[in-house]
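Excluded from the calculations below are hydrogen atoms, water molecules and symmetry mates; all remaining heavy atoms, backbone and side chain alike, are included. The model shown is predicted, which means the values in this text are computed figures rather than measured ones.
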Amino acid sequence: MMTIPLLRMAVHYGLHLLVPGLIARYYYPERWQRAWGILLLTMLVDLDHLLAVPLFDPDRCSIGFHPLHSYVAIGLYALSFLLLPRWRLVAGGLLLHMFTDWQDCLWPR
């Protein structure tokens with residue numbers, strides 16, 4: 001039987017890696033590898049974790065804690081998704097990343 005931490009990790013990384021691939025395959029069938037790569041590059045938003053002390057805390061919720069995971073930043077990602085069609089893929093990847101990190105905050109500690 002899979003423990004909660006292993007299931008949590010599987011869901012987290014599945015949402016970070018596999019769901020972007022499915023989105024890329026569905027919405028960009030002719031260029032899905034490029035789209036998937038762009039979606040994966042949005043994980044660079046996690047570089048703001050390097051500013052945290054301690055650097056890693058498995059019980060910390062990223063949303064609202066790290067600068068690029070703040071509610072203001074998420075609002076900007078949403079506005080970019082809605083208003084800037086050329087940046088829609090990047091903004092969508094950032095929003096998916098925020099959703100993934102948010103659902104991670106809901107798991108029991």
Side-chain angles (χ1 to χ4, degrees):
M1 182 170 173
M2 193 179 280
T3 66
I4 294 290
L6 287 177
L7 181 59
R8 177 180 165 200
M9 186 174 70
V11 170
H12 184 87
Y13 288 106
L15 285 171
H16 271 321
L17 301 171
L18 300 177
V19 171
L22 295 172
I23 290 170
R25 195 82 163 129
Y26 183 79
Y27 288 104
Y28 302 93
E30 301 295 322
R31 300 173 291 146
W32 70 269
Q33 290 112 334
R34 184 174 186 272
W36 193 7
I38 290 169
L39 289 170
L40 291 178
L41 282 172
T42 62
M43 285 194 282
L44 289 173
V45 73
D46 276 343
L47 287 174
D48 66 351
H49 292 274
L50 296 173
L51 301 172
V53 176
L55 188 61
F56 178 73
D57 180 356
D59 293 328
R60 178 171 50 221
C61 180
S62 297
I63 303 301
F65 184 82
H66 302 293
L68 297 176
H69 292 68
S70 69
Y71 296 107
V72 171
I74 294 168
L76 291 174
Y77 306 151
L79 281 175
S80 297
F81 184 84
L82 294 172
L83 302 176
L84 303 172
R86 296 193 82 161
W87 287 92
R88 188 160 289 149
L89 183 61
V90 171
L94 290 167
L95 289 171
L96 176 61
H97 185 98
M98 296 304 131
F99 170 77
T100 299
D101 286 358
W102 169 78
Q103 70 76 35
D104 197 44
C105 299
L106 301 178
W107 287 86
R109 306 283 177 199

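Of all heavy-atom pairs between C105 and S62, the closest is SG-N, 4.1 Å. Minimum heavy-atom separation, R60 to P54: NH2-O, 2.9 Å. Closest heavy-atom contact between F81 and R88: O-NE, 2.8 Å.
In this structure the side chain of V90 never reaches within 4.5 angstrom of the side chain of Y77, judged on heavy atoms.
To the nearest 0.5 Å, atoms SG (C61) and CH2 (W102) are separated by 10.0 Å. Atom CZ of F99 and atom CD1 of I74 lie 12.0 Å apart (nearest 0.5 Å). Once rounded to the nearest 0.5 Å, the distance linking CH2 of W36 with CG of L22 reads 8.0 Å. Here the straight-line distance linking atom CD of Q33 with atom OH of Y28 works out to 14.5 Å at 0.5 Å rounding. Here the OG1-NE2 distance, from T100 to H97, works out to 7.5 Å after rounding to the nearest 0.5 Å. Note that CD of Q103 and CE of M98 are 13.0 Å apart. Values are rounded to the nearest 0.5 Å.
One hydrophobic cluster, built from ILVMFWY side chains closer than 4.5 Å, cannot hold both L79 and V72; they sit in different ones. Residues Y26 and I38 share a single hydrophobic cluster, defined by chaining ILVMFWY side chains whose heavy atoms lie under 4.5 Å apart. Connection of L41 to W87 is not established within any shared hydrophobic cluster, with ILVMFWY side chains joined at heavy-atom distances below 4.5 Å, either directly or through further cluster members. L15 is connected to Y27 through a chain of hydrophobic side-chain contacts under 4.5 Å among Ile, Leu, Val, Met, Phe, Trp and Tyr, so both are in one cluster. Both Y71 and L96 are part of a single hydrophobic cluster, where members link through side-chain heavy atoms under 4.5 Å apart.
H12 and H16 have perpendicular rings, their planes meeting at more than 60° on a 0 to 90° scale where under 30° would count as parallel.
Screening L94, L39, T42 for a side-chain contact (heavy atoms from CB on, under 4.5 Å) with L89, the sole residue that qualifies is L39.
Remark: the backbone N or O of L68 is paired with a side-chain donor or acceptor of D48 at under 3.5 angstrom.
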If you apply the rule side-chain contact (heavy atoms from CB on, under 4.5 Å), what do you find for V45 with H66, and how did you get there?
CA-CA 10 Å; V45 73; H66 302 293; over 6 Å; no
